S.K.: 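Got a structure here, written out as structure tokens. Questions coming.
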Amino acid sequence: MAGFSLLTLGVAGMVLPILQGMLFLALGLFVLRDQYSWARRGMEKLSSRWPRQVGQVEALEGRLIGWSERQGERLRRLLPR
């Protein structure tokens, strides 16, 4: 749902001057890349064009996943069973 919403914002941003269309398109592809082969191919094209930026977003994703796992563990320790 979020990926398709980002893609929709990206398409709108291509014609509206207040939105960064390419950014939203890239984020939408990033979110959908594990579910759809067309999104994976799009991410490969973006990765070949902007490898450093895609690597930074993937590193951020890894940090956010690690943070959420640590927070989940912390909550499990704090909550009574």
Side-chain angles (χ1 to χ4, degrees):
M1 179 78 170
F4 288 110
S5 298
L6 288 168
L7 288 177
T8 302
L9 282 173
V11 170
M14 298 304 267
V15 290
L16 297 174
I18 58 172
L19 290 176
Q20 294 292 321
M22 194 62 194
L23 174 65
F24 286 109
L25 287 173
L27 289 173
L29 289 174
F30 186 78
V31 170
L32 296 171
R33 76 188 187 283
D34 293 332
Q35 298 169 349
Y36 299 101
S37 61
W38 56 265
R40 192 175 311 111
R41 287 190 302 272
M43 276 305 297
E44 288 170 0
K45 288 179 184 177
L46 287 176
S47 194
S48 67
R49 175 81 165 101
W50 295 293
R52 187 174 57 105
Q53 288 81 1
V54 171
Q56 289 173 340
V57 171
E58 289 174 345
L60 175 63
E61 177 191 32
R63 288 193 305 270
L64 288 173
I65 289 171
W67 178 83
S68 66
E69 289 173 352
R70 288 190 304 276
Q71 296 305 313
E73 286 298 318
R74 184 174 168 212
L75 282 174
R76 282 190 278 284
R77 286 193 305 260
L78 291 174
L79 295 175
R81 292 183 185 232

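Nothing here was measured: the structure is a model prediction, and the numbers come from that model.
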S.K.: Checking W38 now: which residues fulfil ring pair (Phe, Tyr, Trp, His ring centres under 6.0 Å) with it, not counting sequence neighbours?
M.R.: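 With sequence neighbours excluded, W38 shows a ring pair (Phe, Tyr, Trp, His ring centres under 6.0 Å) to Y36, given in chain and number order.
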S.K.: Salt bridge (Lys or Arg N to Asp or Glu O under 4.0 Å): which pairs involve residues 8-22, sequence neighbours left out?
M.R.: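 Non-adjacent pairs meeting salt bridge (Lys or Arg N to Asp or Glu O under 4.0 Å): zero.
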S.K.: Please list all pairs meeting salt bridge (Lys or Arg N to Asp or Glu O under 4.0 Å) that have one or both residues in residues 15-42, counting only residues at least two apart or in different chains.
M.R.: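 Of all non-adjacent pairs touching residues 15-42, those that pass salt bridge (Lys or Arg N to Asp or Glu O under 4.0 Å) are R33-E61.
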S.K.: Residues in salt bridge (charged side-chain N to carboxylate O under 4.0 Å, His left out) with E73, at least two apart?
M.R.: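 Counting only residues at least two positions away or on another chain, E73 forms a salt bridge (charged side-chain N to carboxylate O under 4.0 Å, His left out) with R76.
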S.K.: Which residue pairs pass the salt bridge (Lys or Arg N to Asp or Glu O under 4.0 Å) test when at least one of the two sits in residues 9-24, sequence neighbours left out?
M.R.: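 Non-adjacent pairs meeting salt bridge (Lys or Arg N to Asp or Glu O under 4.0 Å): zero.
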S.K.: Considering only distance and modelled atom types, tabulate donor-acceptor pairs under 3.5 Å from the side chains of residues 5-12, sequence neighbours left out.
M.R.:
unit_1 : atom_1 : unit_2 : atom_2 : d
S5     : OG     : M1     : O      : 2.9
T8     : OG1    : F4     : O      : 2.9

S.K.: Each residue besides L64 in its hydrophobic cluster should be listed here, by chain and number; the cluster joins Ile, Leu, Val, Met, Phe, Trp and Tyr at side-chain heavy-atom distances under 4.5 Å.
M.R.: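 Hydrophobic cluster check, L64: joined to L60.
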S.K.: With side chain to side chain donor-acceptor pair (under 3.5 Å) as the rule and sequence neighbours excluded, what pairs involving residues 46-58 come up?
M.R.: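 Checked against side chain to side chain donor-acceptor pair (under 3.5 Å) - neighbours excluded - no pair reaches residues 46-58.
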S.K.: Just list the side-chain donor-acceptor pairs under 3.5 Å for residues 17-30, sequence neighbours left out, or say none.
M.R.:
none

S.K.: Can you list everything that forms a side-chain contact (heavy atoms from CB on, under 4.5 Å) with Q71? Sequence neighbours excluded, please.
M.R.: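 Q71 satisfies side-chain contact (heavy atoms from CB on, under 4.5 Å) with W67, R74 only.
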